[in-house]
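Notes follow once the structure below has been shown.
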Amino acid sequence: MSNRGSFSSRVGFILAAAGSAVGLGNIWRFPYLAGQNGGAAFLLIYLLFIFLLCFPVMVGEIAIGRSARRDAYGSYSALGGKRWGYLGLFGIIAGIFILSFYNVVAGWAFGYFLEISFGSLLNEGDFGNFFGNYVNDISDNLWFSLGFMVITAFVVSQGIQKGVERANKIMMPALYTILILLIIYSLTLDNAWAGVQFYLVPELDEISSQTIFDGLKQAFFSLSLGMGALITYGSYVGKNQNIVSSAAIISFADAMVAFLSGFMIFPMVFSQNISPTEGPALVFIVLPEVFHDMGPLLGRIIGGSFFLLLCFAALTSTISLLEVPTTYFVDQMKMRRSRIVWVLAIVIFILGLPTMMSQGMVPALNELPFYLNRDFLTFISDMCDISLTIGGCLMCLFIVTKWKITNMDNELAEGNPIYMRTFLRNYLHIMIGYVCPILLGGLSILIIDKYFGLGLFF
Ligand code: TRP
């Protein structure tokens, strides 16, 4: 398998994995979930989950991938036999579904970028109305999301070093730069301080079971855990690299972008006296309002930059999502990367059509029947969230019962000679051996109960 490629350097891998992690999840979903869940209280829970629970899962995933040097399915079956291979396959399928709806939302962002920078979107009077019509009418969206998929497929078709790594090396620094500039601007707005306070001063009685569930699913989604994305990226990492410290940097970089996004968005929201509980529309309705008030030229520049930032973040993530099934077909079926990428892109784009039509265009998709009782986009994203936490739980069980934790230790010690003597090793044993599988399994069941209103526990 020597010709499957690899990252050229540690920085290349870290940027690519951080690029996978940083996405719509950080800039679009994190702020609206935080807005709905009491601001600072949510931030606190989210950060706790990232560093205590998700970091060990990330280390485990990368170790599995680097040890087996294969796609998600191949890695599980090489280390644990065919039956465990299904866990990898389950992850690959989950990733395909995530990409199918993720690409639709990325298409909205792409459309907003183009129509704010070069069109007349900011002249609209009522942005709520505009957004409703915009996502309802798929004639434009179809092209934007197709365009986004084509760009993604093009990057992935170029391979790990020339495609994935290079794209991330350009976009990640750009993303941080735009973000910092926007924060500085946002802090100068009237009433910005109220936003900062909402975001940073936790009111602990705001923490409910909903906060905890949302915090967990967000942490998992945000770090791209639970479906083999990091097994796949890990399989392209050199043996001389330190997995534990890389994972720490990746988690930190991801949490930082979520944190900073809130810092950018809440002052803007409060400066407009808008409620932060808007939900998924927050970024698409509230922010254009802000950009509109800046006047035609500044609005175009700052608004355009914001949606460009969102597109960059989304693209580095769609790349990683497409890389997972691509690596599978290249490794398992010996297909040519440059060909299978395009087949996958078309299939996944088509899978995204029901999502695209679920925002008003087709009533049956807007209001699914029975227990499902939500629109198709929310439904599929809920299902994917659940499969991520379940996937994470099963990955821990795989390490402990099948692969064995000593094998993980040996893998982690490569590129990190002092690992065996560090406290971190004990910590990882406790977390992966007990805490993560129990908490992830238990919370997954509670989340399923709540999503489907089964009433077993609530
Ligand atoms: N983490 C990305 C975000 O926050 C989304 C993402 C990319 C993802 N790859 C993934 C989520 C793999 C789950 C699994 O937007």
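Predicted model, so just to flag it, every value in this text is computed and none were measured. Whatever order the structure lists ligands and atoms in, that order sets their numbers, starting from 1.
Those atoms of ligand 1 with a heavy atom of Leu388 less than 4.0 angstrom away are 13 (C). In summary, the atoms of ligand 1 found under 4.0 Å from a heavy atom of Gly25, numbered by their order in the structure, are 3 (C), 4 (O), 15 (O). In summary, the atoms of ligand 1 found under 4.0 Å from a heavy atom of Ser320, numbered by their order in the structure, are 7 (C), 9 (N). Numbered from 1 in the order shown, with element, the atoms of ligand 1 that lie under 4.0 Å from a heavy atom of Ala21 read 1 (N), 2 (C), 3 (C), 4 (O). Residue Ser222 has at least one heavy-atom neighbour below 4.0 Å for each of these atoms of ligand 1: 1 (N), 4 (O). Annotation for ligand 1: atoms under 4.0 Å from non-hydrogen atoms of Ser317 are 2 (C), 7 (C). Listed by number with element, the atoms of ligand 1 under 4.0 angstrom from any heavy atom of Leu321 are 7 (C), 9 (N), 10 (C), 12 (C). Within the listing of ligand 1, atoms 3 (C), 4 (O), 15 (O) sit less than 4.0 angstrom from a heavy atom of Gly23.
For the pair Arg29 and Phe220, the cation-pi criterion (under 6.0 Å, within 45° of the ring axis) is not fulfilled.
Within 6.0 Å of the CZ atom in Phe154, the count of heavy atoms belonging to other residues, nucleotides or ligands does not exceed 12. For Phe198, the CZ atom is densely surrounded, since the number of other residues' heavy atoms within 6.0 Å is greater than 12.
Under the 6.0 Å cut-off for aromatic ring centres, Phe284 and Phe127 do not qualify, their centroids lying 6.0 Å or more apart. Ring centroid separation for the pair Trp28 and Tyr32 comes in under the 6.0 Å cut-off.
Among all protein heavy atoms, the one lying closest to atom 8 (C) of ligand 1 is Ser224 OG, 3.5 Å. The nearest heavy-atom contact from the protein to atom 15 (O) of ligand 1 is Tyr102 OH, 2.5 Å.
Here the straight-line distance linking atom CE of Met356 with atom CD1 of Ile350 works out to 10.5 Å at 0.5 Å rounding.
For ligand 1, the polar-atom distance check against Ile98 finds no nitrogen or oxygen pair separated by under 3.5 Å. Note: no N/O pair closer than 3.5 Å links Ala229 and ligand 1 by distance alone.
Val22 pairs with exactly one of Ile250, Leu179, Asn168, Asp254 by the side-chain contact (heavy atoms from CB on, under 4.5 Å) rule, that one being Asp254. For the pairing with Gln359, the side chain to side chain donor-acceptor pair (under 3.5 Å) check across Asn366, Asn136, Asp375 returns one residue only, Asp375.
In this structure, Phe220 does not count as a contact residue of ligand 1, since none of its heavy atoms falls inside 4.0 Å of the ligand.
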